[in-house]
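Everything on this sheet refers to the single structure shown next.
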Amino acid sequence: ELINIGYGRAAQALSELTGHRITLQVPKVSVHRIDEVTPLLDGTIYGEVASVNQVFSGPIAGNSLLLLDEEAALTLVRLISDDHSTVGSLDAGAREIITEVGNILLNACLGVFGNLLKVQISFSMPRLQVETIHDVMRSVQGDSSEVQHALMIHTRFQLLEGTVSGYMVIILGLASLDCLLERVESWEQGVA
């Protein structure tokens, strides 16, 4: 429910930014051990991926990622910018659009977590990288044994002209995952 609220806000912000009506399908959410994420994504995202990575900190801390394969990233750029000349690679303009979309989505979801769960969260500037899913996951996991779990969110952006599929992955250590689950449970009891 929290992610649906966040995605609703993100869709509204993207619609205002682009002047197009954008809807985000109800996301599929799952939690996995960090070592399970690469094999799961490897079967659905091929080749290089455009990843927008944003570190967040506070009582709940970790890395948030928007992952789009190159085809999806280029399609999203064309749909949002009405520039149908973007064909084979992510040039500087396309990278800027993907970074901004990632920033909007990641901040909307994590902002909802912060606001509704009453947790102060700070965000770093988003970073865009284009590399394989193995390299993306290796760079965010690093050598920290604290990073153990990933909240995976699969979503689709829908515009009148087409659909783009991508993943949002929120990587959390055990302490942050426990804090998130406690806060969600408290929020759920307050809503019921």
Side-chain angles (χ1 to χ4, degrees), residues 2-7 9-11 13-14 17 24 27 29-42 45 48-70 72-73 76 90 92 94-155 157 166-184 187:
L2 284 171
I3 292 167
N4 280 335
I5 293 167
Y7 270 35
R9 291 183 185 172
L14 287 172
L17 177 73
L24 297 168
V29 180
S30 56
V31 177
H32 301 277
R33 288 192 45 80
I34 193 72
D35 57 351
E36 298 170 341
V37 173
T38 301
L40 286 169
L41 291 174
D42 219 10
I45 298 179
E48 291 198 321
V49 296
S51 69
V52 180
N53 181 3
Q54 194 163 30
V55 175
F56 58 97
S57 57
I60 300 172
N63 280 320
S64 56
L65 300 158
L66 173 65
L67 302 170
L68 300 166
D69 65 29
E70 194 168 19
L76 185 61
L90 293 170
R95 286 172 182 255
E96 192 174 312
I97 289 170
I98 295 299
T99 303
E100 187 57 28
V101 168
N103 189 35
I104 290 168
L105 277 174
L106 298 172
N107 276 299
C109 284
L110 294 171
V112 164
F113 283 4
N115 293 337
L116 296 180
L117 301 180
K118 297 178 175 62
V119 176
Q120 180 68 38
I121 297 176
S122 301
F123 304 96
S124 70
M125 292 296 293
R127 263 182 328 118
L128 175 82
Q129 293 176 282
V130 179
E131 54 194 2
T132 67
I133 195 66
H134 293 276
D135 292 334
V136 169
M137 295 309 297
R138 191 177 310 118
S139 70
V140 295
Q141 185 178 0
D143 19 327
S144 172
S145 59
E146 167 62 14
V147 176
Q148 296 183 7
H149 292 86
L151 182 64
M152 287 182 54
I153 305 157
H154 179 232
T155 190
F157 303 82
Y167 285 88
M168 190 160 101
V169 179
I170 300 173
I171 299 171
L172 302 165
L174 196 52
S176 289
L177 181 61
D178 286 344
C179 183
L180 176 64
L181 294 175
E182 274 177 34
R183 297 293 179 129
V184 167
W187 175 75

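For reference, positions follow the sequence shown, starting with 1.
Without hydrogens or angle criteria, S124 side chain to V55 main chain gives a donor-acceptor distance under 3.5 Å.
Scanning both residues, A73 and I98, for their nearest heavy atoms gives O-CD1, 3.6 Å. Minimum interatomic distance between Y167 and I45 (heavy atoms only, all atoms of both residues): CD1-CD1, 3.7 Å. Summarising the geometry of I60 relative to C179, their closest heavy-atom pair is CG1-SG, 3.8 Å, with the distance given to 0.1 Å. Nearest heavy atom pair, residue G166 against residue L68, reads CA-CD2, 3.7 Å. Heavy-atom minimum distance, L172 versus A61: CD2-O, 3.5 Å. The minimum heavy-atom distance between I171 and I34, with the atom names listed, is CG2-CD1, 3.7 Å.
For the atom pair CZ (R33) and NE2 (H149), the distance works out to 5.5 Å, reported to the nearest 0.5 Å. S139 contributes atom OG, which lies 5.0 Å from atom CD of Q129 (distance to the nearest 0.5 angstrom). The CZ atom of R138 lies 11.0 Å from the CD1 atom of I133; values are rounded to the nearest 0.5 Å. Expressed to the nearest 0.5 Å, how far OG of S57 lies from CD1 of I121 amounts to 9.0 Å. Taking OG of S176 as the reference point, atom CZ of R183 lies at 11.5 Å (rounded to 0.5 Å). Separation of atoms CE (M137) and CG (N63) is listed at 9.0 Å; rounding is to 0.5 Å.
With a 4.5 Å cut-off on side-chain heavy atoms, M152 and V37 count as touching. The side-chain heavy atoms of E48 and D135, taken from C-beta on, include no pair separated by under 4.5 Å. A heavy-atom distance below 4.5 Å is found between the side chains of N115 and R9.
Within the structure, the salt bridge (Lys or Arg N to Asp or Glu O under 4.0 Å) test picks out no pair touching residues 94-110 (sequence neighbours left out).
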Could you list the donor-acceptor pairs under 3.5 angstrom formed between side-chain atoms of residues 101-113 and any protein atom two or more places apart in sequence or on another chain?
unit_1	atom_1	unit_2	atom_2	d
N103	OD1	Q54	NE2	3.3
N103	OD1	N107	ND2	2.5
N107	ND2	N103	O	2.9

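Here D42 pairs with H134 under the side chain to side chain donor-acceptor pair (under 3.5 Å) rule; sequence neighbours left out.
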